[in-house]
Amino acid sequence: MKLMIASDLHGSAYYTKLALDFYRNCGAEKLLILGDILYHGPRNDLPRDYAPKEVAPMLNEFAAQIIAVRGNCEAEVDSLMLDFPVTPDYAVIFDGTATLYLSHGHREEPKMAEGSVYLTGHTHIPHDFVKDGVRYLNPGSVSIPKNGSAHSVMVYENGEFRRFDIETCEEYTI
């Protein structure tokens with residue numbers, strides 16, 4: 001199973017287009033979105049080409065391939081614009097070897113067994129660490145990266161996570 005993981009699009013038409021171009025070209029079967037899809041939020045500056053009305057149809061083109069969880073900037077009205085469900089708080093995927101928990105990361109962590117993977121966004125800062133046998137990963141932000149990180153996504157395949165800069169399409173490590 002090959003998955004692309006993105007978070008914190010925040011309504012940027014420019015960066016959403018780059019992320020979707022990367023998705024088309026990377027060969028992933030599903031696009032996992034870890035929240036903050038359309039709205040920029042009151043604490044963030046407007047991202048480049050902020051246009052939620054343009055972002056929604058771009059994403060809707062891939063509706064059957066998207067698994068999304070709600071972020072702290074999602075509003076109920078956003079669901080009227082999107083042709084895919086945005087689940088509250090968590091989603092869980094089992095790929096045959098690992099259990100992947102999807103969350104925006106602004107809520108309490110679910111109870112996870114050792115060997116699980118917890119995928120979150122929210123901070124806009126990529127991370128990768130293990131605590132109590134659970135791997136914690138954040139792809140960073142598609143549209144508003146922080147701490148000098150790239151506009152980024154991750155690709156998961158064969159139990160491995162790889163991080164990519166969507167502006168250069170190059171793999172990088174944190």
Side-chain angles (χ1 to χ4, degrees), residues 3-26 28 30-91 100-109 118-128 136-156 161 163-170 172 174:
L3 309 169
M4 188 179 109
I5 304 144
S7 189
D8 298 283
L9 286 66
H10 287 292
S12 169
Y14 178 81
Y15 289 111
T16 298
K17 181 186 180 313
L18 289 181
L20 291 173
D21 287 346
F22 187 88
Y23 176 70
R24 278 185 196 94
N25 293 321
C26 80
K30 295 283 183 189
L31 172 56
L32 312 182
I33 303 177
L34 305 177
D36 287 358
I37 300 168
L38 297 178
Y39 182 53
H40 73 287
R43 294 181 302 170
N44 295 312
D45 292 331
L46 287 176
R48 180 174 177 177
D49 296 345
Y50 179 66
K53 284 188 200 178
E54 292 176 31
V55 170
M58 282 193 260
L59 292 169
N60 287 340
E61 184 180 328
F62 299 92
Q65 299 162 39
I66 293 176
I67 298 171
V69 295
R70 182 173 52 207
N72 61 303
C73 291
E74 253 69 71
E76 193 171 318
V77 71
D78 294 352
S79 66
L80 300 174
M81 302 275 299
L82 301 171
D83 293 341
F84 52 90
V86 179
T87 64
D89 301 332
Y90 306 102
L100 310 177
Y101 289 84
L102 285 56
S103 173
H104 184 60
H106 67 295
R107 301 265 187 230
E108 188 175 326
E109 294 175 17
Y118 190 47
L119 299 167
T120 64
H122 187 55
T123 65
H124 300 218
I125 301 167
H127 65 243
D128 183 353
Y136 291 76
L137 286 156
N138 184 320
S141 174
V142 166
S143 69
I144 310 172
K146 295 186 178 172
N147 284 11
S149 60
H151 296 268
S152 58
V153 297
M154 288 189 311
V155 173
Y156 173 76
F161 291 90
R163 191 176 311 276
F164 292 89
D165 179 323
I166 60 170
E167 292 184 295
T168 64
C169 296
E170 294 180 6
Y172 76 98
I174 55 171

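Note that the numbering runs from 1 along the sequence shown for the chain. When reading the values below, keep in mind they use all heavy atoms of this one structure, side chains included, and skip hydrogens, waters and symmetry mates.
With values rounded to the nearest 0.5 angstrom, Ile33 atom CD1 is found 8.0 Å from Thr16 atom OG1. To the nearest 0.5 Å, the span separating CG on Leu9 from SG on Cys73 amounts to 12.0 Å. Between atom CG of residue Leu119 and atom CD1 of residue Ile5 there is a gap of 5.0 Å, rounded to the nearest 0.5 Å. Between the CD1 atom in Ile125 and the OG atom in Ser152 there is a gap of 11.0 Å [rounded to 0.5 Å]. To the nearest 0.5 Å, atom OG of residue Ser141 and atom CG of residue Asn44 are 8.0 Å apart. Annotation: the span from Ile166 atom CD1 to Cys26 atom SG amounts to 12.0 Å, rounded to 0.5 Å.
Ring pair Tyr136/Tyr118 is perpendicular by interplanar angle, where above 60° counts as perpendicular and below 30° as parallel. Aromatic ring pairs are classed by plane angle as parallel below 30°, tilted from 30° to 60° and perpendicular above 60°; the pair Phe22 and Phe164 is tilted.
For the side-chain contact (heavy atoms from CB on, under 4.5 Å) criterion with Thr120, the lone passing option out of Arg107, His127, Glu109 is His127. Test His151, His124, His40 against His10 for ring pair (Phe, Tyr, Trp, His ring centres under 6.0 Å) and you get one pass: His124.
Contact detail for Met4 and Ala28: the closest heavy-atom pair is N-CB, 3.7 Å. Nearest heavy-atom pair, Tyr172 versus Pro126, reported as atom, atom and distance to 0.1 Å: OH-CG, 3.9 Å.
Atom CG of Asp45 has 12 or fewer heavy atoms from other residues, nucleotides or ligands within 6.0 Å.
Counting only heavy atoms from C-beta outward, the side chains of Ile37 and Glu74 approach each other to under 4.5 Å.
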